[in-house]
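Report on the following structure.
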Amino acid sequence: MNSPTIVINAYNRPDSLRRLLTSLKMATIPTESNLVFSLEFGAHPEVMTQVKNFEWKYGNKEIIQQEKKLGLIGHFLFCGGLTKKLGDIVYLEDDLFVGKSFYQYSQQVLTQYGDDENLAGFSLNALWFNGYLHMPFHPFDDGNGCFFLQVPWYQGQVYTAKQWSHFEQWYHQKMEMGDDLLIHEMFRNYTLQDDWFPIKTQYLIENKKYYAFPRVAHCVNFGDVGVHFQKTTNFFQTELSMASQLPQLIPFEESLAVYDSFYELIPDRLKRLCPHFEHLDFELDLNGTKELSKIKSDYIISSVRPDEYERSFGLEMRPQELNLVYQIEGEHFYLARRDHYKIDSFKNRRLMSMFNYHYRFKLSKKQKLSFILNKLFKP
């Protein structure tokens, strides 16, 4: 069984770090498990004191004090680069909180998936929302304790040395995003310059790799004030596992719950459930967030209404893909040739339907206006 080294980066949030270290004390950790702190240059004095005084009884403790400012990207690359000498790592940032079985789960996914070429990393957090719509995300229940998503989620990460080495080689040779790359526009116009998230997303898409996510989180984020948040937010909080029994994991190739960077089930997995689509070359856009002009398949199944369509499906069952599997009648999803999609004329109505579907209640006229304005003009 792998014994990954826990790597914690910290800078100027002593209260956040104290909370993380408290959770670490309550976790179940085997002996011969090592801990490394990487402190950004100019770290808060109280952060320094906490790290030096933190008792670690399970193995070796090492403190690395950076001699120059690294920034978010630089510190991320440094901590990941520690895999060269440490091997497998569990990478934690200071505003996180781990569950009692986070280490055992990390060992489990490393044993099951550590050599799988399809995977670029493992998340300890169960991503509960679609990051483009800010609405709930419900992956298929296929009997696997994991689902797979082309999103490099940062709230508790696990890496093998091989995974990180492949990313690092790509990073040093990477090109600008091509105009034809099917990636969400927010990553082309990202407002935070010092952030690795768009870079890692580009890597996943170009290399057709995924992260594995648990169904229930083993690490949660408190959304403390920092580079990303001007005030504390609890938006990222989700259920934290208290289970001692770890879930069953099945091989990646057998899993149905495999999603692209737009939170869309990949066509290969939908075809396994839908013989009626087996002969089609199609792309899924059930969330209506893809730039359809960049899709190359013959057909698209989308919530965007086309000029003409061959079939339509309702929005009733959960998760939403089951409406296609069981061919539920209605007019929310449309199967049409690619060239029949032109303008998203019914976007507001579509978003309202999705809101009602996810949150199970209808909005007043005032709430509808507020919702639409927020979607149209949010920064």
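Because the structure is a prediction, the values reported are computed rather than measured.
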Side-chain donor/acceptor of [X] to backbone N/O of [Y], under 3.5 Å:
| X | Y | answer |
| --- | --- | --- |
| Q50 | P14 | yes |
| K61 | V51 | yes |
| R338 | L292 | no |
| S101 | Q104 | no |
| N234 | Q237 | no |
| H44 | A10 | no |
| E264 | L286 | yes |
| E40 | L70 | yes |
| Y113 | A212 | no |
| N323 | E316 | yes |

Going by the angle between their ring planes, with limits at 30° and 60°, are [X] and [Y] parallel, tilted or perpendicular?
| X | Y | answer |
| --- | --- | --- |
| F187 | H184 | perpendicular |
| F197 | W153 | perpendicular |
| Y58 | W56 | perpendicular |
| H218 | Y105 | parallel |
| F129 | F235 | perpendicular |

So, [X] versus [Y]: side-chain donor-acceptor pair below 3.5 Å or not?
| X | Y | result |
| --- | --- | --- |
| Y357 | Q320 | no |
| Q107 | T111 | no |
| H75 | S38 | yes |

Other residues, nucleotides and ligands only: do more than 12 of their heavy atoms fall within 6.0 Å of [atom1] on [X]?
| X | atom1 | answer |
| --- | --- | --- |
| D268 | CG | yes |
| K342 | NZ | yes |
| D115 | CG | no |
| Y359 | OH | yes |
| K69 | NZ | yes |
| K174 | NZ | yes |

Would you give the length of the straight line joining atom [atom1] of [X] to atom [atom2] of [Y], rounded to the nearest 0.5 angstrom?
| X | Y | atom1 | atom2 | value |
| --- | --- | --- | --- | --- |
| L110 | Q108 | CG | CD | 10.0 Å |
| L96 | R19 | CG | CZ | 9.0 Å |
| D116 | E253 | CG | CD | 7.0 Å |
| L149 | Y259 | CG | OH | 9.0 Å |
| F78 | N9 | CZ | CG | 10.5 Å |
| I301 | D285 | CD1 | CG | 10.5 Å |

Measuring only between side-chain heavy atoms, which start at C-beta, is [X] closer than 4.5 Å to [Y]?
| X | Y | value |
| --- | --- | --- |
| L182 | K296 | no |
| L280 | D298 | no |
| I6 | Y103 | yes |
| F262 | L284 | no |
| E93 | Q155 | no |
| K209 | F167 | no |
| L270 | F282 | yes |
| L77 | W196 | no |

Search all heavy atoms of [X] against all heavy atoms of [Y] and return the closest pair with its distance.
| X | Y | result |
| --- | --- | --- |
| S33 | P30 | OG-O, 2.8 Å |
| F147 | L127 | CZ-O, 4.0 Å |
| I64 | L82 | CD1-CD2, 4.2 Å |
| P214 | A126 | O-CB, 3.2 Å |
| I266 | D260 | CG2-N, 4.0 Å |
| G81 | W164 | N-NE1, 3.3 Å |

Salt bridge check: are [X] and [Y] linked by an N-O gap of less than 4.0 Å?
| X | Y | result |
| --- | --- | --- |
| K294 | E283 | no |
| R269 | D142 | no |
| R18 | D15 | yes |

Take I300 and K290 through the side chain to side chain contact (heavy atoms under 4.5 Å, CB included) test and state the conclusion after the steps.
-> CA-CA 11 Å; I300 301 172; K290 291 183 178 178; over 6 Å; no
Kindly indicate, with the supporting measurements, whether the criterion side chain to side chain contact (heavy atoms under 4.5 Å, CB included) is fulfilled by I328 and F313.
-> CA-CA 5 Å; I328 302 302; F313 307 88; 5.7 Å; no
Connected via hydrophobic side-chain network under 4.5 Å: F137 and L204 |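 Same cluster: F137 reaches L204 through Ile, Leu, Val, Met, Phe, Trp or Tyr contacts under 4.5 Å.
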Examine Y159 and F122 and state if one hydrophobic cluster contains both, with Ile, Leu, Val, Met, Phe, Trp and Tyr joined whenever side-chain heavy atoms are less than 4.5 Å apart.
->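 Looking at the clustering, F122 is in a separate group from Y159.
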Sequence neighbours excluded, which residues qualify as side chain to side chain donor-acceptor pair (under 3.5 Å) partners of Q202?
->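 Side chain to side chain donor-acceptor pair (under 3.5 Å) check on Q202 returns E206.
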Please confirm whether [X] and [Y] have ring centers closer than 6.0 angstrom.
| X | Y | value |
| --- | --- | --- |
| Y154 | F76 | no |
| Y132 | Y263 | yes |
| Y309 | Y334 | yes |

Trace of the side chain to side chain contact (heavy atoms under 4.5 Å, CB included) decision for L315 with F333 = CA-CA 7 Å; L315 180 62; F333 301 120; 3.7 Å; yes
Would you tabulate the side-chain donor-acceptor contacts of residues 239-251 under 3.5 Å, counting partners in other chains and residues two or more places apart, or write 'none'?
| residue | atom | partner | partner atom | Å |
| --- | --- | --- | --- | --- |
| S241 | OG | A243 | N | 3.3 |
| S244 | OG | K100 | NZ | 3.4 |

Would K208 and E117 count as a salt bridge (charged side-chain N to carboxylate O under 4.0 Å, His left out) if you check the C-alpha gap in whole Å, the side-chain angles of each, and the deciding distance to 0.1 Å?
-> CA-CA 10 Å; K208 297 180 172 58; E117 298 289 340; over 6 Å; no
May I have the step-by-step check of side chain to side chain contact (heavy atoms under 4.5 Å, CB included) for I89 and V36, ending in yes or no?
-> CA-CA 10 Å; I89 65 169; V36 173; over 6 Å; no
